[in-house]
Every structure is written in structure tokens, then in C-alpha cells.
Undergrad: 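One structure, as C-alpha cells, below. Some questions next.
Letters A, B, ... mirror the listed sequences (proteins, then strands); counts begin at 1. Excluded from the calculations below are hydrogen atoms, water molecules and symmetry mates; all remaining heavy atoms, backbone and side chain alike, are included.
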2 protein chains.
Amino acid sequence: MMVRRRKNLTLREIAELAGTSKSTVSRVLTNHSSVSPETRARVQKVIEERGYQPNFFARGLAGGPTGLVAVLVPEINSGFYAEVLRGMDDVASKNMAHLLTSIAHGADDLFDLWRSFCREGRADGVVVVAPPRAFFRKGIRKLELPAVLCAARPPEGAQRWQAVDSVTVDNEKGFTALLHHLVQIGCRSFIHVAGPQDVFDGQERRNAFEKFMEAHVNLSGQVIEAGFNPEDGLHAAESYLERSDVVPDAFVCFNDSTAYGVLESLRRRKLEAGRDVMVTGCDDEPAAQSLGLTSLRMPMREMGRECSRLLLERIRVRNREIPPRNIVFGLELQIRSSSLGHRRNRW
Amino acid sequence: MMVRRRKNLTLREIAELAGTSKSTVSRVLTNHSSVSPETRARVQKVIEERGYQPNFFARGLAGGPTGLVAVLVPEINSGFYAEVLRGMDDVASKNMAHLLTSIAHGADDLFDLWRSFCREGRADGVVVVAPPRAFFRKGIRKLELPAVLCAARPPEGAQRWQAVDSVTVDNEKGFTALLHHLVQIGCRSFIHVAGPQDVFDGQERRNAFEKFMEAHVNLSGQVIEAGFNPEDGLHAAESYLERSDVVPDAFVCFNDSTAYGVLESLRRRKLEAGRDVMVTGCDDEPAAQSLGLTSLRMPMREMGRECSRLLLERIRVRNREIPPRNIVFGLELQIRSSSLGHRRNRW
DNA sequence: CTGAAAGCGCTTACAG
DNA sequence: CTGAAAGCGCTTACAG
């Protein structure tokens, strides 16, 4: 029969049951070395039996680890951060950690959140998801808390941030593979529907596009600025198509969402994606498959998992130095009907 | 010039600055009545000037409010809970509250999370998003924490849960309007691609469908069971179309995701949605528009906001009784090309 | 209306 | 290796 109880046990009670003192129980809890194997085993047995979980307010107050991991996300594609959160929770929950989620409105808000978490020490560590460049400009005197960047790397100038871990994707490799594929099926003229340029992925993808175009003089490439929503893609495509007399061979979009907008714009002009013009996205959201949209798979959940792993490791070793790490995931090309057609080469 | 400081101030310091005692400062913080207007004003001034924020570990430990709101979500459509989270954070952050997010794997896990939050009192309140029926079966002796259900209402039998607030949508009204629209454009035979039946919306939408069919004897309706993912929709449609010799006039899907799968299945058979057969979803995800999918707009963010509002109100009044509330949002019909065609009536 | 004091459940020097 | 004790920063009876 289960032991039922209204309240959690306390350290004191565990100590009594194990015939030792609070201090010792605390030491086994915090993995302190100086506990004899026998006492440790005895205490651990009681802890297991009674399903004891330390009160995290008391822990936090006394200066111990709190089991809280803060996640700061800006207002981005909700499908993206939802998956990152899920990945983070996957490994956090296995390590008795909980996610403290905050959604920022703009770079300033994001920075305020960051600072308040650092000052107050509410969490053991922080993951910042896809921060805009402006986030790094504000000086942070010192990194008081273990931190990991998700889908971003600290920019060159940001001295203080260089020591931070990051989890990113290889945008250049991914976009290069994608462009090669498009060239292979006959595309020669490209429009890159660029994402926000103050965000890491937006910038890297554009760079990859431009680099590819520079390296292939027989191709023509142009960049039009959009954003990250379908509406942004729609507006960008509309205004481009309105003032242009030729349709490019391919629209290479920053992400799936902007590609949706481009598809809409094409539909209005009775142009068929995959036949009259190729269209590609990035992220590989669930809907991309239904739309037959060629895309690059962004391993969001895996990225979230990795963020938690890196952060928890740093938390576990406390202040001991770990050199900064950058984990890079690949973007897997998913070819679908929106880039399957064989358009005749007009060049 | 800003006052810079590494650490937060403490109650004691505020008290000294305001020339009073910790107790009194604490009383103004907790909105206790028995403080003279003058002292209150003096204390509040100091608090504002120094930007004091109480340490929430100390608060939690001492039994005060912690400013933490727990959100428990099962493994559902990530776009859905992402938006709910955002809505919740919108109003929570304005009230100095933070979201403690946990993602459950299955009903048991969800219940375990629930219980652990109740036992440990980590949060001031809990929002449970779209819990499956099984969640309610487990006996909870007493609701120790203010709670709100999102996209669910407690089932009849669950005594203990009747007192809980809930935020839902009017599935019956929404689906009735949708079906009327389909009838109007000539549909007579319907397939409902049903969602999970252990989830509130899944059940209500199916009920609405069946009720409508019973009320209109000239229509034929059939239910096929799916789930909530594109793959579920695909499999359901595939297995139906394989063994059936007639194509229905319309597929009425539980949500957009399952509709994506149905669309895929139709595409494989060279059937065009909106011409050969109508297809509808529910949720109105961003991609639905690009797909030209008729849908019902689920006001996810608004629902999240309302959840926070209800919960924070309960938290604020402490134990004082508030009768249980059920906030019901409407589902707005978005007619798109997947249900625009005029199919000839075969009846 | 106000203050001194106890207590919430931990962690961590400190002394053995 | 172990325990008694101080302290983290609050809230809340309790006594005025």
C-alpha cells in the first residue's frame, strides 16, 4: 500500500529515519564527497522509499541549486519555440529540472528578462532562443549564470558573450545543398526571400545565398527582404512580381512561413509552384509536407534537447571552467513537388 | 543616473530606508489592510525608487505567493500550446508572474506533474491544457491549488473537479455553422475525420457532427477515427478511400493537421479539394490559409490570456470563494477554396 | 497600526 | 566523516 501524505517530507524527517543529521542528508543530496559509503547508502534508501523531493524554495534561499532552468524566447514562429521547449523539457524533466518560460516582446524586453534572471538568481541557468543582434549590444558586466544560446552565436564584437555555449544549424551547408539541387533541375535565376537580418539564421542564410551566387557567375541572384511570417513573404513576393517583368526560376525563402506567402502570391497569378517556378522553404514544418513544399529540416526538438544538456552540464560542475561549445546540427534537404518540375532553361 | 547594484535589495534594507520595520514593509507588499496610509506611501516610494523585487524563494518558503504559475501541457499540436503559452505569458508577465512549463507524456505523467505541483506548492496556481479524460479519473482528495482548465471541462463524474474554472470553445456552434455552410454549397454526404476521443474537443466535435446528422435526415454522415496529426488524417482517409467506392461530398476534419493528411490522400488520387470533394479543418493555423483550407479559427492566444486572468484572480483573493466559471470562445468560420466549389448534387 | 520574534526547509562553514 | 549552528529573505501570528 502506498504511503499517503499531504505534505512532503523534510530533510529533518529523512535524517531521523536514517538515523543521522540534516547536514549529512544534505550532503548526500548535493553529492558532497565527504560522506561514508554506508551512511550514504542508508540515506539514499530512505530518500527513495519515501519519494523525498527537496523543497526548492528552501534550496534556492539557502543558495543551492533550484532545479529551475529559464528559457527566454522572443516573439518568433510559434511552431519553432514550441518544439525547442519540448526538446528542452525532454531532458530537463529527466534531470528533475523545470522550465521557467518567458516570452519577450522585442530585444529590450528580452534583455531585461535576462538581467532580472541574472540578478535575482531565480534559475540555475538560462537558455536564450534566437536572440536578435541588439540583445548582445547591451553590456553585461559578467555572466553570472550558466547560459546557452539556441539558434544563435554571439556576434564578433560581443566580448562577454564569447564564453557562452551555443546550439545552431549549418545554414551555409544546408542552403548550398538546396541551391545545388535547384541548379541541377535547371534553375538559373534566383530570388532569396530573406528573413529578419537582425537574427542569426536570417543573416547566415542570406550570406549563404550571396556566397553561392558569387561563386557561380552563370547564375543570377537577387535578395528581397521579408520577415518570418506568411504575410511578409506575401508582401515581398507581391511587390517583387508587380514591378518585375520576368519570373525567376526559383524563390528561395528564409523559412516555410514566408514560403507560404510566396505560394499564395503565385497562386494569385495562376503560376504553379514546381512547374512555372520553384519554391523552397526552411524548417520543414508539418504543413510543408502537405503543401508539397521543398524544405530544409530544422531539428528543433533535438536542438532543445542539446540546449538542456549543455546547460545542465554547466550547472552540475558549478563554477568549474568548461570551454565554450558550439553544437552544430545539419539541415536535411526534403525535396518535394514545389521543386520537382523541370523548367526549360531560358538562359 | 541609474543606481547600479549587483544584488537585489532585501526587505530589511527597504525597511531601514523607509524608517520602519520588516513586518510593515511585508504588509504593504502583501496588501495587508492594517498599514497607515502615510507609512504605506513612504514604503511604496522607497520600493519604487530602488526597484525592489521580493526574493521569491524566501516568499515561497515563508508561505507567501511565489509569482509562479504552472502550465501543464500534454503532447499535443505544438502550434496550439505555443500560442496558449504566449497568451498566458502576455497577462502573467504584466502581473509579475512567471510561467513554469511542463510537458507531460501521457495522462499518467500529466497527473503526476499535477500532484507534485499540488504537494510541493511550487506554484501559486496551475493551468492544465487539454487534459485527456483519464486525467480526471484519478482521485484528487482536494484541490489544494487554484486551477484552470484550458480547452477542457471537467467530465460529469469528476466531483472534485466541478469547482474548477475552464476556458473552452463552442465546438457545437462552430461545427454547426461549418456544416450549414457545406450543406449550402451542395454537400449531402459527409465523413467526419474524428480527433482523439479521450480529449474534450475531440469528443465535442464528434458529438456536434453526429447531432447535426441526426437532425438532418436527408444527409448522410459517417465518422472515421483518426488522431491529431497529419499522418493520422492520411491513414484514416487512405483506409477509407481504399475500401469505399464513392467519395463523400466533404471531409470534415477534427483539426487542420488531420486535414493536411486528408489533402495529401486526395492528391494521391488526383482529387482536387474544393472541386471534387470539400475539405475542412479546425484551428486555422497559419498554414491553413496558404493551403486554402476552410477552417474554424481557434482563438488560442485569447484562451491563454483568459486562463491567466482567471487564475490570477483566484490567486489574488486567496481562499475566498469564487464560483467556478466557464469562459466560452466562439469558433469563427474561415471559408477558403477547399470548400468553395459547387459540386453537383448526386442525391 | 506597528514591531520583535519565530519559523519556513534548506546549505554550508565551523568545530570536532 | 559527522553534527550543531548560523543564515538565506521572507510571512505571520503574537503582543502591544
Undergrad: Do A/Val167 and A/Phe329 have side-chain heavy atoms sitting under 4.5 Å apart?
TA: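 Heavy-atom side-chain distance check passes, below 4.5 Å.
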Undergrad: Test of understanding: with side-chain contact (heavy atoms from CB on, under 4.5 Å), list the residues that count as partners of A/Asp108, not counting sequence neighbours.
TA: A/Lys138
Undergrad: Please state whether the phosphate of D/dG9, meaning OP1 or OP2, lies under 4.0 angstrom from any side-chain nitrogen or oxygen of B/Tyr52.
TA: no
Undergrad: Could you check which of D/dC10, C/dG9, C/dG3 has an atom nearest any side-chain atom of A/Leu61?
TA: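 Of all the options, the side chain of A/Leu61 is nearest to C/dG9.
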Undergrad: Please verify the inter-ring angle class for B/Trp161 with B/Trp114; under 30° counts as parallel, over 60° as perpendicular, anything in between as tilted.
TA: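 Rings of B/Trp161 and B/Trp114: tilted, 30 to 60°.
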Undergrad: side-chain contact (heavy atoms from CB on, under 4.5 Å) with B/Ala97: which residues, sequence neighbours excluded?
TA: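 Checked B/Ala97 against side-chain contact (heavy atoms from CB on, under 4.5 Å); matches are B/Val69, B/Ala92, B/Leu312.
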Undergrad: What integer distance in Å separates A/Leu29:CG from C/dT12:C1'?
TA: 14 Å
Undergrad: Within this structure, what is the CD-to-C1' distance between A/Glu16 and C/dG9, rounded to whole angstrom?
TA: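 Those two atoms, CD and C1', are 14 Å apart.
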Undergrad: Between B/Ala58 and A/Thr24, which residue's closest nucleotide on DNA chain D lies nearer the 5′ terminus?
TA: A/Thr24
Undergrad: Please confirm whether B/Arg122 makes a cation-pi placement over A/Phe56, using NZ or CZ under 6.0 Å from the six-membered ring centre and within 45° of the ring normal.
TA: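 Yes; both conditions hold, so B/Arg122 lies above the ring face of A/Phe56.
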Undergrad: B/Arg12 has an atom CZ; how far is it from atom P of D/dC8, in whole Å?
TA: 8 Å
Undergrad: Can you name the residues that form a side-chain contact (heavy atoms from CB on, under 4.5 Å) with B/Glu16, not counting sequence neighbours?
TA: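 side-chain contact (heavy atoms from CB on, under 4.5 Å) check on B/Glu16 returns B/Arg12.
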Undergrad: Identify each atom pair where a protein N or O and an N or O of nucleotides 4-7 of chain C are less than 3.5 Å apart, giving names and distance.
TA:
unit_1: C/dA4; atom_1: N7; unit_2: B/Ser23; atom_2: OG; d: 3.3
unit_1: C/dA4; atom_1: N6; unit_2: B/Ser23; atom_2: OG; d: 2.6

Undergrad: Starting from P on C/dT11, measure out to CG on A/Asp124 and report it in whole angstrom.
TA: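 Going from A/Asp124 (CG) to C/dT11 (P), I get 12 Å.
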Undergrad: In the structure I gave you, are the side-chain heavy atoms of B/Arg309 and B/Glu306 within less than 4.5 Å of one another anywhere?
TA: yes
Undergrad: From CG of A/Asn55 over to C1' of C/dC10, roughly how many Å is that when rounded to an integer?
TA: 7 Å
Undergrad: Return yes if some donor-acceptor pair links the side-chain N/O of A/Glu83 with the main-chain N/O of A/Phe80 below 3.5 Å, else return no.
TA: no
Undergrad: Starting at atom NE2 of B/His32, determine the distance to atom P of C/dT2, rounded to an integer number of angstrom.
TA: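 Roughly 13 Å, once rounded to whole Å.
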Undergrad: So which atom in A/Thr24 and which in A/Val35 form the shortest heavy-atom distance, rounded to 0.1 Å?
TA: CG2-CG1, 4.2 Å
Undergrad: Mind pulling the stems DNA chain C is in, i.e. runs of at least three Watson-Crick or G-U pairs, everything under 3.5 Å?
TA: C:1-3 with D:14-16, C:5-12 with D:5-12, C:14-16 with D:1-3
Undergrad: Determine yes or no for a side-chain-to-main-chain donor-acceptor pair under 3.5 angstrom, with A/Asp89 supplying the side chain and B/Ser102 the backbone.
TA: no
Undergrad: Roughly how many Å is it from CD in B/Glu13 to P in D/dG9, rounded to a whole number?
TA: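 These atoms are roughly 8 Å apart.
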Undergrad: Less than 4.0 angstrom from a charged side-chain N to a carboxylate O is my criterion; do A/Arg115 and A/Asp112 meet it?
TA: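 Judged by the 4.0 Å cut-off on N to carboxylate O distance, A/Arg115 and A/Asp112 do form a salt bridge.
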Undergrad: Over all strands shown, is B/Ser26 touching base, sugar-phosphate only, or nothing at heavy-atom distances under 4.0 angstrom?
TA: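 Since a base atom lies under 4.0 Å of B/Ser26, the category is base.
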Undergrad: With C1' as the reference atom in both, quote the distance from D/dG16 to D/dT12 in angstrom, rounded to an integer.
TA: 16 Å
Undergrad: A/Arg59 side chain N/O closer than 4.0 Å to the phosphate oxygens (OP1, OP2) of C/dG9?
TA: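 No, A/Arg59 has no side-chain N/O under 4.0 Å of OP1/OP2 on C/dG9.
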Undergrad: Please list, in numerical order, the residues of residues 34-43 of chain A that have a heavy atom closer than 4.0 Å to any atom of DNA chain C.
TA: none
Undergrad: Starting at atom CG of A/Leu11, determine the distance to atom C1' of C/dT11, rounded to an integer number of angstrom.
TA: 9 Å
Undergrad: Among B/Asp165, B/Ile315, B/Asn326, B/Ile322, find the residue that satisfies the side chain to side chain contact (heavy atoms under 4.5 Å, CB included) test when tested with B/Leu310.
TA: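 So the option named by the test is B/Asp165.
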